[in-house]
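In each ligand, atom 1 is the first atom listed, and ligand 1 is the first ligand listed. Keep in mind the model is a prediction, meaning the values are calculated, not measured.
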Amino acid sequence: MSTARDSAQSLTESNLPVHVGIIMDGNGRWAKQRKLKRTRGHTEGIEAAKRVVVAAREIGIRYLSLYSFSTENWKRAKDEVAFILALVARNLREQYDFYRENHIRLFHSGNIEGLPPDVRSEIAAVTADTEHYDGIYVNLAVNYGGRDEILRAVNGWIADHNQAPAQYLTLDGLRAYLDLPEFPDPDLIIRSGGHKRLSNFLLWESAYSELYFSDRLWPDWTREDLIAAIKDFQVRQRNYGGAE
Ligand code: IPE
Ligand code: IPE
Ligand code: MG
């Protein structure tokens, strides 16, 4: 019988995506199908995220960006927003053993100032406390929007350059002001839950990302789903605008 590990072995190690971004969608529908509250879907979504982080590290993915809460998700019912943010804060605090066992270094991207103080302090604590781990770099995109990131980057650049002699912003100049300039652009962006759109995720960075869409709802995701996405990535030809 083939095991999960066997299927990972059929991945080509030389052609792994370096940075994978995931739009973890479908928590609400997963709960609805089971006649549960939407919030239960988010709780289960955390378990799926942990499974996928462990698998990503075992496969050899260096950078993983997880879209957890968007700048547009504030439109949802107050209760759901409060639940998601509390869940994020609690998991940041309580998963320390998980980070240690899996050598996970955590990063945050998104508009930190728009988050409640407890979420901000948990993010600050956990990013500092995991600084020495290098098994996998995990970016939690919380209160993240691609347009907001670009706007903050431009404003950050202007703030630093308004005393200097007139100069123009360049592509590399802007990149340096994005939330995580140390992360390479994502090679692969995955979206679970059936919708085929980016929903404001990594707009600048996704210029040449390969996109993979899966109908499976996020709480159902396992390492096999990640492996299937990476296998699909591995047979694609990337041209970056060059001739075929
Ligand atoms: C993704 O699942 C999680 C967040 C956006 C926080 P959803 O909550 O969007 O689930 P669906 O798309 O409504 O099923
Ligand atoms: C994208 O999912 C945001 C996250 C997964 C955090 P949404 O559920 O917010 O996306 P839309 O509204 O369907 O585009
Ligand atoms: Mg959704």
Would the distance check show the side chain of Asp185 and the main-chain N or O of Ala207 forming a donor-acceptor pair, the cut-off being under 3.5 Å?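 Between the backbone of Ala207 and the side chain of Asp185 there is no qualifying donor-acceptor contact (under 3.5 Å).
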Is it the case that the side chain of Gln234 and the backbone of Asn15 share a donor-acceptor pair, with hydrogens and angles ignored and the cut-off at 3.5 Å?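 The answer is yes, because a donor-acceptor pair under 3.5 Å joins these two groups.
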Ring-ring centroid check Phe183 Phe107, cutoff 6.0 Å: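 Yes, the ring centres sit under 6.0 Å apart.
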Among the N/O/S atoms of Asp25, select the one at the shortest distance from the Mg ion (ligand 3) and name it.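 Result: OD1.
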So which heavy atom on Ser70 is nearest to which on Asn73, and how close?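 That closest heavy-atom pairing would be N-OD1, 2.8 Å.
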Looking at every non-hydrogen atom in both residues, tell me the closest pair between Ile46 and Leu87 and how far apart they are.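 Minimum heavy-atom separation between Ile46 and Leu87: CG1-CD2, 3.7 Å.
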Tell me which residues fall inside the under-4.0 Å heavy-atom shell around ligand 2.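 Close residues (ligand 2, cut-off 4.0 Å): Ile23, Met24, Asp25, Tyr67, Ser68, Phe69, Asn73, Arg76, Arg191, Arg197, Ser199.
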Non-hydrogen atom of Lys32 closer than 4.0 Å to ligand 1: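 So Lys32 does not count as touching ligand 1.
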For His42, counting its heavy atoms only, list the atoms of ligand 1 lying under 4.0 Å from any of them.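 That gives atoms 3 (C), 8 (O) of ligand 1.
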Only one of Asn143, Asp179, Asn139 forms a side chain to side chain donor-acceptor pair (under 3.5 Å) with Ser109, so which one is it?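 The residue from Asn143, Asp179, Asn139 that satisfies side chain to side chain donor-acceptor pair (under 3.5 Å) with Ser109 turns out to be Asn139.
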Kindly compute the distance separating CD1 (Ile230) from CD1 (Ile227), expressed to the nearest 0.5 Å.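 Reported value, rounded in 0.5 Å steps: 7.0 Å.
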